Amino acid sequence: VHLKMLKAECMRRLNFLKVLSVKSWGADSNILLRTYKTIIRPKLDYGSIIYNSASATSLKMLDSIQSSALRISLGAFHTSPIDSLQIETNEPSLHIRRKTLSLLYSTKIATRPDSMIYPYIFPAENRNNIPTRRTRNIPFCERIHNYMNDMDLTFPPMIPITYRPDIIPWKLHTPPIVTTLAEYNKHDTNASTFIQLFNEISGTHPNFKHIFTDASKLNEKNGCGVVFPDCTMLYSLPNFLTIYSSELFAIKFTLERILETDHYSPCLIFSDSMSALQSLQQRSPTHSLVQELQILYNKILHANKHVIFAWIPSHIGITGNEEADVAAKEATRHPTSIPNLKVPHHDFQTYIKYTANEQWKLQWSSTSTSKLHEVRPGPTHSQLPKDITRRDQVVLTRLRIGHTRITHSHILNHEPQPSCDQCHTNLTVRHILVECPRYDEQRRKYHVPEDMSTALSDATKSAKVLKFAKEIKLYEHI
């Protein structure tokens, strides 16, 4: 009943798209897609992780909502394959979206082991908590397990999110950061000037020990390095971490070592990541790793130790920074990362989205026989000419997908497939644009490329294809 009501509501909202999508004067396809994502897709998303347990037949009724919205937005011909519509709009199927949303939700719950929902999603040690009713519907925890296996992923330990911080916000101190070197443009300033400024910072803190941190990402491997006055530490990190989080981990390992030992205070911590340093001064950070760093810093203060951060540009000849860079690159070559390292859930959520998109790409590349496959090998943003009319957009989209009125209306009219009068072969978009010798002169006139991908993927070439279509009287039959 819920899915039927949901479909009826979404069908009603599709009328907005129909009003705005008139082929002669309608809105831009990007605006129509944004409209779909604003007023229709949220309705489909809401509660999808729950109703995703419904039967495939019941869920299939919602697929027509998405395909209709994409077809209306693009102005695609009625016979256009659904997978081509999804690739052209860079909008995955509802099944992939529901699976991704379920995994994102589970990742968030993984940061709250004290939550009442946690044992039902991660029941490895709580199997007795799962109801043993006989039902065709697969429990949510089993679906999550299957999704993770499909993507070849495992949940890493997550940094827990707490709403009761160890230090109340108004007593939380943020670290001082020296940004003197940031006042100079790296591309316009000589390296020797930066080194001189670095020496000035060191001179104003004569008794401070210098510690340098850096992170690196090479060949999909993450690592960070920390150069202390008496040693250099290398840390191999999980591959899915962003370089931003890797820089934060380098600072975290530094602060932990300062807290554990007494011979590094007072100290200056130099980092070439401005974003990481600036995040430490946020009053209400949302990044769980930043929250940990702020608590670590305050524990250091309570231990009567003095720490100051400073930003320095990379690769300008500062010895400590160069050594940290070498250490970080070396850490990426280590085969295994730190065991049981708790990571921020934001990074793993980003990696889930990336993995789902890569699987979709692979599926499109390996199984699709659509005519669009020749033009677009994967789900990327299309490049259409700027400042073109809605009608021009519709024509180019239909040419790219390979389904037009002149080549595919016979399917709707139950007629024989049309053929080329001169070549006596099936009439297709490819034949008209690049093969038929009847239009060789017009192709040379407008410099239409000989391959479909170049002709319809490049914005400049697409504009020439439009002129070519108008010249041969094809434009009005698309």
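Any value given below was found using the heavy atoms of this structure, including those in side chains, with hydrogens, waters and symmetry copies removed. This one's a predicted model, so the numbers in the text were calculated from it and none came from an experiment.
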Checklist entry - Which residues pass the side-chain hydrogen bond (donor to acceptor under 3.5 Å, both in side chains) test with K252, sequence neighbours left out? => result E292
Item to check | Residues in side-chain hydrogen bond (donor to acceptor under 3.5 Å, both in side chains) contact with N222, at least two apart in sequence or another chain | outcome: K217
Item to check | Any residue meeting side-chain hydrogen bond (donor to acceptor under 3.5 Å, both in side chains) with S80, in chain and number order, not counting sequence neighbours | outcome: none
Checklist entry - Hey, does the side chain of R41 reach the backbone of Y36 with a donor-acceptor pair shorter than 3.5 angstrom? => result no
Checklist entry - Can we say D45 and R97 salt-bridge, meaning some charged N sits less than 4.0 Å from an Asp/Glu carboxylate O? => result yes
Checklist entry - Sequence neighbours excluded, which residues qualify as ring pair (Phe, Tyr, Trp, His ring centres under 6.0 Å) partners of Y244? => result H287
Next on the checklist: Which residues pass the ring pair (Phe, Tyr, Trp, His ring centres under 6.0 Å) test with Y147, not counting sequence neighbours?
Outcome noted: none
Item to check | Under the ring pair (Phe, Tyr, Trp, His ring centres under 6.0 Å) test, residues paired with H345 that sit two or more places apart | outcome: none
Item to check | Residue list, salt bridge (charged side-chain N to carboxylate O under 4.0 Å, His left out) with D272, at least two apart or on another chain | outcome: none
Item to check | Test applied, side-chain contact (heavy atoms from CB on, under 4.5 Å); reference residue, D392; option that passes from V394, L396, I388 | outcome: I388
Next on the checklist: Less than 4.5 Å apart, side chain to side chain, heavy atoms only: is that true for D262 and K305?
Outcome noted: yes
Checklist entry - Taking the six-membered ring for Trp, is the centroid-to-centroid distance between Y120 and F140 below 6.0 Å? => result no
Checklist outcome for this item: With sequence neighbours left out, the residues meeting salt bridge (charged side-chain N to carboxylate O under 4.0 Å, His left out) with D152 are none
Checklist entry - According to the ring pair (Phe, Tyr, Trp, His ring centres under 6.0 Å) rule, which pairs have a member within residues 255-286, sequence neighbours left out? => result F198-F270, H210-F270, F212-F270, F228-Y264
Item to check | side-chain hydrogen bond (donor to acceptor under 3.5 Å, both in side chains) partners of T232, counting only residues at least two apart | outcome: none
Next on the checklist: Please enumerate all residues that pass ring pair (Phe, Tyr, Trp, His ring centres under 6.0 Å) together with Y354, with sequence neighbours excluded.
Outcome noted: none
Checklist entry - Does a donor on one side chain and an acceptor on the other come within less than 3.5 Å for S58 and S55? => result yes
Checklist entry - Is R257 salt-bridged to E260, cutoff N-O under 4.0 Å? => result no
Checklist entry - For residues 288-309, which residue pairs qualify under ring pair (Phe, Tyr, Trp, His ring centres under 6.0 Å), counting only residues two or more places apart or in two chains? => result F208-H306
